[in-house]
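Below you'll find the structure, written out as structure tokens, and then a few comments.
Side-chain atoms are counted along with the backbone in the values below, which use heavy atoms only and exclude waters and symmetry mates.
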Amino acid sequence: MSLDPLYARALEDSQWDVPQDYDTLFNWHYSDERKDLLNLYDKGKAMQWDAKERIDWSHDMDPDNPMGIPDSFFPLAGADFYEKLPAEEKAVARRHNQAWTTSQFLHGEQGALLCAAKIVQNVPDTEAKFYASTQVMDEARHVEAYKALLEKINVAYPITGPLKSLLDQVLRDSRWDMTYLGMQVVIEGLALAAFANIRDHATDPLAQAVNAYVMQDEARHVAFGRLTLKEFYPELTQPERDEREEFLVEACYLMRDRFQATEVWETLGFPTRECHEFLEQSQAMQIFRTSLFSRIVPIVKDIGLWGDRIQRGYSQMGILGFANLDIDQMQENDMKVAAEHDARRAYVDGTIAKGTSAAE
């Protein structure tokens, strides 16, 4: 076990070794035929940003509610045993729950960093390699940003079992499209919905900004996966398509179950069974879990993995209705919100600069 003062629970190991076996593909055809991917590559280059400069890290977060999330959004809000707790214990629970959520974002972004590096190596097209190289830098920046945000909260949690299990599957699979499917569609699609939940409901400006800026990058990443997979999947045999649909259904069930936050309740000494029972019966939690797939389902339909197997699985999960959402519109909104944060930051900086100049 490894002890780190930031972690609320001991780490089982200081690192995680995932054996992999896949081909690194060189391509000597440096074409410019894929204008769509090259346009994304140009955007990826132009939209690089510095987490240290773009985000105001001088802001101090409230230790009792770092992200400024309304109490009604706390997972156990309404549970009898939780409502009876004194205010100071509720404050500790809020902080740990937000630290747990941010920790999973951080671990997921590190997984995305490794997956993006893998895509550069084993995707066949040079144009795709170009874009994936910009995503590697994006993911490194996201790891940097969430690490800094966790240090502000001053509590961290190890990776959850379900997320670790899915990352293990994605990293071990030698087929490049499975890396796309697991990371660009499932993990990042679900992360986008979770990021949006904080971006749109948190009142702390630092929490808002980090998630808004990360989402701006993720909108391009998801577009990259859609473009590439949409062209590739019509070439597969039906058994190959069935295998990928089965993977998608299993992965979505796995990700749905990762939000129980068992580690938090155990660390705080809460009655774990009672927590789980409340969360299973909570209408608010059911709505939250379902909404997490609002970014995944329309993408799965768009890339053409829309057979009976996937529709039946998504119907049983209660998420089939998301199929007709406009993913392009959601991604345009992600870009717009990030730009609005930049405008507010520029206004504040400009006002401060004017005040300083007048004082002199």
Side-chain angles (χ1 to χ4, degrees), residues 31-49 105 108-109 111-113 115-120 122-142 170 176-196 199 211-235 244 248 251-252 292-306 322-342:
S31 69
D32 58 359
E33 298 170 358
R34 293 296 310 276
K35 298 295 185 182
D36 49 4
L37 285 179
L38 290 175
N39 285 339
L40 273 180
Y41 171 56
D42 288 339
K43 287 182 180 179
K45 290 186 294 181
M47 298 186 71
Q48 293 294 318
W49 49 278
F105 291 167
E109 293 299 332
L113 171 64
C115 286
K118 178 184 174 186
I119 288 172
V120 173
N122 74 345
V123 73
D125 300 326
T126 300
E127 297 93 336
K129 291 179 183 292
F130 281 5
Y131 177 75
S133 69
T134 67
Q135 185 174 340
V136 172
M137 187 61 197
D138 288 345
E139 304 298 1
R141 181 170 58 250
H142 299 171
V170 172
W176 63 265
D177 77 287
M178 292 298 286
T179 307
Y180 277 66
L181 198 58
M183 177 51 62
Q184 312 282 62
V185 175
V186 177
I187 296 177
E188 294 205 325
L190 184 138
L192 272 169
F195 295 158
R199 179 196 67 187
N211 286 283
Y213 293 152
V214 169
M215 289 182 72
Q216 188 179 43
D217 291 341
E218 301 291 7
R220 296 195 312 276
H221 302 171
V222 172
F224 173 46
R226 288 171 64 197
L227 282 172
T228 309
L229 295 178
K230 199 171 182 177
E231 290 189 353
F232 179 66
Y233 282 146
E235 301 175 6
R244 284 153 178 81
L248 280 170
C252 286
L292 290 172
F293 297 95
S294 61
R295 302 284 184 130
I296 296 177
V297 177
I299 293 172
V300 171
K301 182 180 181 182
D302 183 63
I303 62 178
L305 290 178
W306 203 241
F322 291 129
N324 296 321
L325 291 182
D326 189 337
I327 193 67
D328 291 318
Q329 187 179 49
M330 286 191 282
Q331 291 175 352
E332 286 176 10
N333 184 62
D334 294 339
M335 305 291 281
K336 176 185 175 184
V337 173
E340 289 172 351
H341 276 274
D342 280 336

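The closest side-chain heavy-atom distance from Lys35 to Glu127 is not below 4.5 Å. Val136 has its side chain out of reach of Ile119: every pair of non-hydrogen atoms, C-beta onward, lies at least 4.5 Å apart. Within the 4.5 Å cutoff, no side-chain heavy atoms of Phe130 are placed close to those of Val120. Within the 4.5 Å cutoff, the side chain of Arg141 has no heavy atoms near those of the Glu109 side chain. Put simply, the side chain of Ile296 reaches to within 4.5 Å of the side chain of Cys252, judged on heavy atoms.
Taking the six-membered ring where the residue is Trp, Tyr131 and Phe224 present tilted rings, their angle falling between 30° and 60°.
Nearest approach of Arg295 to Ala196, heavy atoms of both residues: NH2-CB, 4.3 Å. When every heavy atom of Val337 is checked against every heavy atom of Ala212, the shortest pair comes out as CG1-CB, 4.3 Å. Closest non-hydrogen pair, Gly225 versus Tyr180, comes out as CA-CD2, 3.8 Å.
A 6.0 Å sphere centred on CE of Met137 holds no more than 12 heavy atoms belonging to other residues, nucleotides or ligands. Open room surrounds NZ on Lys336; 12 or fewer heavy atoms of other groups in view lie less than 6.0 Å from it.
Atom-to-atom distance recorded for Glu218:CD and Met215:CE is 8.5 Å, nearest 0.5 angstrom. Here the straight-line distance linking atom SG of Cys115 with atom CD of Glu139 works out to 9.0 Å at 0.5 Å rounding. Glu235 contributes atom CD, which lies 8.5 Å from atom CD of Glu231 (distance to the nearest 0.5 angstrom). Separation of atoms CG (Asn211) and NE2 (His341) is listed at 9.0 Å; rounding is to 0.5 Å. Taking CG of Leu38 as the start and CG of Leu40 as the end, the distance is 9.5 Å to the nearest 0.5 Å. Atom CD1 of Ile299 and atom NZ of Lys301 lie 13.5 Å apart (nearest 0.5 Å).
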Derivation of the side-chain contact (heavy atoms from CB on, under 4.5 Å) call for Val170 and Met178
CA-CA 7 Å; Val170 172; Met178 292 298 286; over 6 Å; no

What's the verdict on side-chain contact (heavy atoms from CB on, under 4.5 Å) for Phe195 and Asp334, showing C-alpha distance, side-chain angles and the deciding distance?
CA-CA 10 Å; Phe195 295 158; Asp334 294 339; over 6 Å; no

Start with the C-alpha distance between Asp138 and Val214, add both sets of side-chain angles, then the distance that settles side-chain contact (heavy atoms from CB on, under 4.5 Å), and finish with yes or no.
CA-CA 8 Å; Asp138 288 345; Val214 169; over 6 Å; no

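Salt bridge present: Arg34 and Asp36 bring a charged side-chain N and a carboxylate O closer than 4.0 Å. A salt bridge links Asp328 with Arg226; the closest basic N to acidic carboxylate O contact falls under 4.0 Å.
The side-chain hydrogen bond (donor to acceptor under 3.5 Å, both in side chains) test applied to Lys43 returns no partner, not counting sequence neighbours. When the side-chain contact (heavy atoms from CB on, under 4.5 Å) test is applied to Lys230, the partners found at least two apart in sequence or on another chain are Asp302. The side-chain contact (heavy atoms from CB on, under 4.5 Å) search around Lys118 returns Gln20, Tyr22, Asn122, Thr179, not counting sequence neighbours. Take Asp177 and apply the side-chain contact (heavy atoms from CB on, under 4.5 Å) test, not counting sequence neighbours, and it matches Arg175, Leu229, Phe232, Tyr233, Arg244. Checked against side-chain hydrogen bond (donor to acceptor under 3.5 Å, both in side chains), Asp326 has no partners two or more places apart in sequence or in another chain.
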Table please: side-chain donor-acceptor pairs of residues 182-194 below 3.5 Å, with sequence neighbours left out.
residue : atom : partner : partner atom : Å
Gln184  : OE1  : Gln135  : NE2          : 3.0
Gln184  : NE2  : Gln135  : OE1          : 3.0

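Between the side chain of Lys129 and the backbone N or O of Pro124 there is no donor-acceptor pair closer than 3.5 Å.
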